[in-house]
Amino acid sequence: MSAFQSPVLGQYIPTGSVLHRLDPRTKLLFVFGYMFVVFLAQDALAYLFLTVIAAGGVWLSRIPLPMIFRGLKPILWLIALTALLHLGFTKGGDLLLQWGPVTVYEEGVRQAGWMSLRFLLLVVMGTLLTLTTSPIDLTDGLERLLKPLEKLRVPAHELALMMSIALRFLPALWEETEKIIKAQQARGADFETGNLFQRAKSYIPVIIPLFVSAFRRAEELALAMEARCYRGGKGRTRIRQLQFAPRDWGMLVLLAGLTGVLLWLRLNT
Amino acid sequence: MNRQRLLTMIEIAIMAGIGVLFSTYITIRGLWPQGGSVSLAMVPIVILSFRRGWVAGVICGLLVGMLNFVLAATPPVHPVQVVLDYPLAFALLGTAGWIRLQPGEKGTFWKVAAGVTLAGLLRFLAHFISGVVWFGSFAPKGMSVWVYSFLYNISYILPDILVSTAVMALLIRNAPQLIRVNQ
């Protein structure tokens, strides 16, 4: 079954650390804010603050380093490419190396280092968010953060509900797809040969039953929800309430402090 | 709650689930000799868009993008990229339904092709701008990030559009009930 990899849905690794216990809203806000302030950094001191926070996050999460590295893998070649581009094309400062048409300047090395670090910090923080927060918690957090937009008629509750349903049905849909693929293979279907269009065409006998059954599933679920008097978001209560703890406020203060320091460094150096 | 509205919501949710499966886990290999794959992620979004109108399609796309973010298909690299590459790019795919389809009438293929191409190009635009912004913030000064972003993004979106058009045309011919709503 080379063409179909088994899905590992999400990257969440529960370790019960303090990062895991943070409110998902805090983590979303912190990571998003962090991604903005990274771009303020220009000198070693600023990068030092950012690195300490990212490294502290990794340490606090109690997630084994290889797991974090696995999340970074798809991005590593991009980081390497960026570094190479800077080594080759950024000019300025002393000429450090000349080898045929290839020249490496001092500024190029500096920029290659900073840009790779910036890239790495962004990706580590993004990965930490999904490693320490389950998709369901992230959905909850997003719903609550989008709540103020309900005044602008953005259906935050409905969006979150649809996201939860999609997440809930992903494994079932995956299983069903696999079953249909096997059933068609048993009838002699071939997904592995021919050109692109022939391969795409061979998926038609998979897609049609999958979609037909998906629409049937949707109808059954709608009926079941109606039977239980689902009325949309108005007046709906929830079993798990998100609540800000002191540590959440602490994180937001940390973010504000970091932003302040980086702004100050940017304006004064 | 209105029954059709509830049913539409659930259909959006389940199609978004299929969209996530198709965008990451089930892809068609063989685009380039060394790896590289075409995704059918457009197909469920476009089907829903033809079935329930472009608003439903846009919401479905939005969900696919948000789910891909929550499931961390690829880690984010820039705050602007988070918005453009995930929710917006996929939401724009839902615009395919701006054309109303009557299965069986003449010229259906061209209508499907027009819908899919327009939606695909809008998606391309979102990824293209995103690429310019985020790669621009990393690349050396003076590098033409426009060209790189254009070439990189068109290299996979163009095959996606062509294959999705072919698949959509076959689907609508062989299973027109998929875009018809039972009342």
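Treat the numbers as computed from the prediction; the structure is a model and nothing was measured. To find a chain, count down the sequence lines: A is the first, B the second, and so on, and within it residues start at 1.
When the candidates Leu129(A), Thr90(A), Leu173(A) are compared by the number of heavy-atom contacts under 4.5 Å with chain B, Leu173(A) comes out ahead. Ranked by heavy-atom pairs shorter than 4.5 Å toward chain B, the options Phe215(A), Phe119(A), Phe197(A) are led by Phe215(A). Between chain B and the options Phe36(A), Phe169(A), Phe32(A), Phe89(A), heavy-atom pairs under 4.5 Å are most frequent for Phe36(A). With chain B as the partner, the residue from Leu223(A), Leu78(A), Ile75(A), Ile204(A) showing the most heavy-atom pairs under 4.5 Å is Ile204(A).
For Ala166(B), the part lying under 4.5 angstrom from a heavy atom of chain A is the side chain only. Heavy atoms of Leu121(A) lying under 4.5 Å from chain B are absent altogether. For chain A, the nearby part of Val82(B) is the side chain; its heavy atoms alone come within less than 4.5 Å. With a threshold of 4.5 angstrom between heavy atoms, Thr133(A) does not approach chain B through any atom at all. Contacts between Leu142(A) and chain B at a heavy-atom distance below 4.5 Å involve the side chain alone, from C-beta outward. Using a 4.5 Å cut-off between heavy atoms, Leu162(B) touches chain A through backbone and side chain atoms alike. Only the side chain of Phe39(A) has a heavy atom closer than 4.5 Å to any heavy atom of chain B.
For the pairing with Leu221(A), the side-chain contact (heavy atoms from CB on, under 4.5 Å) check across Glu219(A), Arg217(A), Met225(A) returns one residue only, Met225(A).
Using a 30° and 60° split on the angle between ring planes, Phe124(B) and Phe150(B) fall in the perpendicular class, above 60°. Between His157(A) and Tyr230(A), the two ring planes are parallel [angle under 30°; tilted spans 30° to 60°]. Aromatic ring orientation, Phe69(B) versus Tyr86(B): perpendicular (interplanar angle above 60°, classes split at 30° and 60°).
Taking the ring pair (Phe, Tyr, Trp, His ring centres under 6.0 Å) definition, one finds that Trp54(B) meets it with nothing, sequence neighbours left out.
For the atom pair CG (Leu6(B)) and CD (Glu226(A)), the distance works out to 6.0 Å, reported to the nearest 0.5 Å.
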